[in-house]
Student: 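There's a structure below that I have some questions on.
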Amino acid sequence: IPVDPAWADVENLQSHYDDWASEDAKDWKKMKNFLVRLLEDCDLLEAEDRSPPGPTGDTSPFVMHLISKIESNGFGLYSPRKEQCMGRAVFPMSSYFNHSCDPNCECVQNARVMTVRTIRPVEEGEPLTISYIDSNMPLQARRTRLQADYYFLCQCQRCTFE
């Protein structure tokens, strides 16, 4: 079912800014002023995005949480020939799927559209899941990557049994 996302869908995404290591936050804060100028030039910052609200309020909390939402919920845009990540795109509805190292769905990206489709039979009541990482990695590598990038220890059925 095609769904056009709204800004509210982006606002509802999970931010892990408060969980970031100080070095990560420091690196992103270096980019914050550039991002604020870009958002302002595009008329994408509003008074309520500032703390306190108004034209002179600080945009840092809003922008840093927005960066975290993109980092945590963005999907990689890959070069077809080089298989390198060239950027990130946010598909809010696809971001609502939970992770499993043995997913029953996959995300297929075609230009500006993300499609989620099942890759195996799904039983009634079974949650639909995707893998946030390369699930071919060994257990400890998967858990380390998920903890570092998504801030959780995977307890999916596959990880529990391995």
Side-chain angles (χ1 to χ4, degrees), residues 1-32 34-35 39 44 49 60-162:
I1 301 172
V3 177
D4 289 329
W7 180 248
D9 296 317
V10 174
E11 289 179 325
N12 288 332
L13 295 176
Q14 180 71 44
S15 167
H16 292 288
Y17 174 63
D18 295 331
D19 301 317
W20 281 0
S22 60
E23 199 61 34
D24 291 341
K26 185 177 169 183
D27 287 344
W28 276 109
K29 283 180 182 177
K30 292 176 186 175
M31 292 291 299
K32 179 190 65 81
F34 166 77
L35 294 170
L39 292 168
L44 294 173
D49 298 331
S60 294
F62 171 79
V63 172
M64 297 308 289
H65 281 284
L66 179 60
I67 291 167
S68 177
K69 289 175 183 187
I70 294 168
E71 280 293 293
S72 294
N73 297 283
F75 290 83
L77 298 172
Y78 290 89
S79 163
R81 286 182 234 146
K82 297 182 182 176
E83 295 186 12
Q84 284 186 309
C85 186
M86 307 297 286
R88 312 236 339 131
V90 177
F91 299 94
M93 299 305 168
S94 299
S95 296
Y96 293 143
F97 286 83
N98 285 327
H99 166 81
S100 173
C101 293
D102 184 23
N104 52 26
C105 296
E106 68 179 353
C107 295
V108 180
Q109 195 174 324
N110 184 4
R112 295 173 48 173
V113 176
M114 175 72 75
T115 303
V116 179
R117 63 182 179 203
T118 59
I119 54 176
R120 61 177 172 79
V122 178
E123 297 198 20
E124 186 175 335
E126 179 183 356
L128 299 176
T129 59
I130 61 175
S131 182
Y132 298 172
I133 59 166
D134 176 0
S135 56
N136 292 319
M137 295 187 292
L139 171 65
Q140 195 55 46
R142 293 193 317 267
R143 283 187 162 170
T144 299
R145 176 86 185 273
L146 288 165
Q147 185 67 53
D149 292 351
Y150 299 96
Y151 303 93
F152 71 90
L153 177 66
C154 188
Q155 297 289 331
C156 72
Q157 192 172 27
R158 178 178 171 195
C159 287
T160 302
F161 288 123
E162 282 186 15

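Only a predicted model underlies this, so the values are computations on that prediction, with no experimental measurement involved.
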Student: Within a strict 4.5 Å, meaning less than it, do heavy atoms of the Arg158 and Ser100 side chains meet?
Tutor: no
Student: Do the side chain of Asn104 and the main chain of Arg120 share a donor and acceptor less than 3.5 angstrom apart?
Tutor: no
Student: Nearest 0.5 Å, what's the CG-SG distance between Leu146 and Cys101?
Tutor: 5.5 Å
Student: I need the Arg142 CZ to Cys159 SG distance, nearest 0.5 Å.
Tutor: 4.0 Å
Student: Do side-chain atoms of Arg88 reach the backbone of Glu71 as a donor and acceptor pair under 3.5 angstrom?
Tutor: yes
Student: Can you name the nearest heavy-atom pair linking Leu153 to Gln147, along with the distance?
Tutor: N-OE1, 3.4 Å
Student: Can you establish whether the number of heavy atoms outside Glu106 located under 6.0 Å from its atom CD is more than 12?
Tutor: yes
Student: Whether Arg143 and Glu162 form a salt bridge (side-chain N of Lys/Arg under 4.0 Å from carboxylate O of Asp/Glu) is what I want to check.
Tutor: no
Student: Under 3.5 Å, side chain of Asp9 to main-chain N/O of Ala6, donor-acceptor pair present?
Tutor: yes
Student: Looking at CZ of Arg117 and SG of Cys107, how far apart are the two atoms once the value is rounded to the nearest 0.5 Å?
Tutor: 10.0 Å
Student: For the pair His99 (side chain) and Tyr132 (backbone), establish whether a donor and an acceptor sit closer than 3.5 Å, ignoring hydrogens and angles.
Tutor: yes
Student: What do you reckon, is CZ of Arg112 surrounded by more than 12 foreign heavy atoms closer than 6.0 Å?
Tutor: no
Student: Which heavy atom of Leu66 sits nearest to which heavy atom of Trp7, and what is that distance?
Tutor: CD1-CH2, 3.9 Å
Student: Nearest 0.5 angstrom please: Asp24 CG to Ile67 CD1, how far?
Tutor: 11.5 Å
Student: Considering non-hydrogen atoms only, spot the tightest contact between Pro103 and Ser131 and give its length.
Tutor: CB-N, 3.7 Å
Student: Indicate whether the side chain of Asn73 and that of Gln14 have a donor and an acceptor atom separated by less than 3.5 Å.
Tutor: no
Student: Would you confirm whether Lys32, through its side chain, and Ser60, through its main-chain N or O, come within 3.5 Å as a donor-acceptor pair?
Tutor: no
Student: Which pair of heavy atoms, one from Ala89 and one from Phe91, lies closest together, and at what distance?
Tutor: CB-CE1, 3.6 Å
Student: Quick one: does Phe75's side chain get under 4.5 Å of Ser95's, heavy atoms only?
Tutor: yes
Student: With the side chain counted from C-beta on, respond yes when Arg145 and Tyr150 share a heavy-atom pair under 4.5 Å apart, and no when they do not.
Tutor: no
Student: Shortest non-hydrogen contact from Tyr96 to Asn12?
Tutor: OH-CB, 3.7 Å
Student: Is any side-chain heavy atom of Asp102 closer than 4.5 Å to one of Ser135?
Tutor: no
Student: At what distance, to the nearest 0.5 angstrom, does SG of Cys105 lie from CD1 of Ile130?
Tutor: 8.5 Å
Student: For Ser15 and Ser68, indicate whether the former's side chain and the latter's backbone hold a donor-acceptor pair under 3.5 Å.
Tutor: no
Student: Side chains of Trp28 and Tyr17, heavy atoms from C-beta outward: is any pair under 4.5 Å?
Tutor: no
Student: Between Ser94 and Val116, which heavy-atom pair has the shortest distance, and what is it?
Tutor: OG-CG2, 3.7 Å
Student: For Asn110, look at atom CG and say whether over 12 heavy atoms of other residues, nucleotides or ligands are found less than 6.0 Å away.
Tutor: no
Student: Does any non-hydrogen side-chain atom of His65 lie less than 4.5 Å from one of Asp18?
Tutor: yes
Student: Return the CD to CE distance between Gln109 and Met114, rounded to the nearest 0.5 Å.
Tutor: 4.5 Å
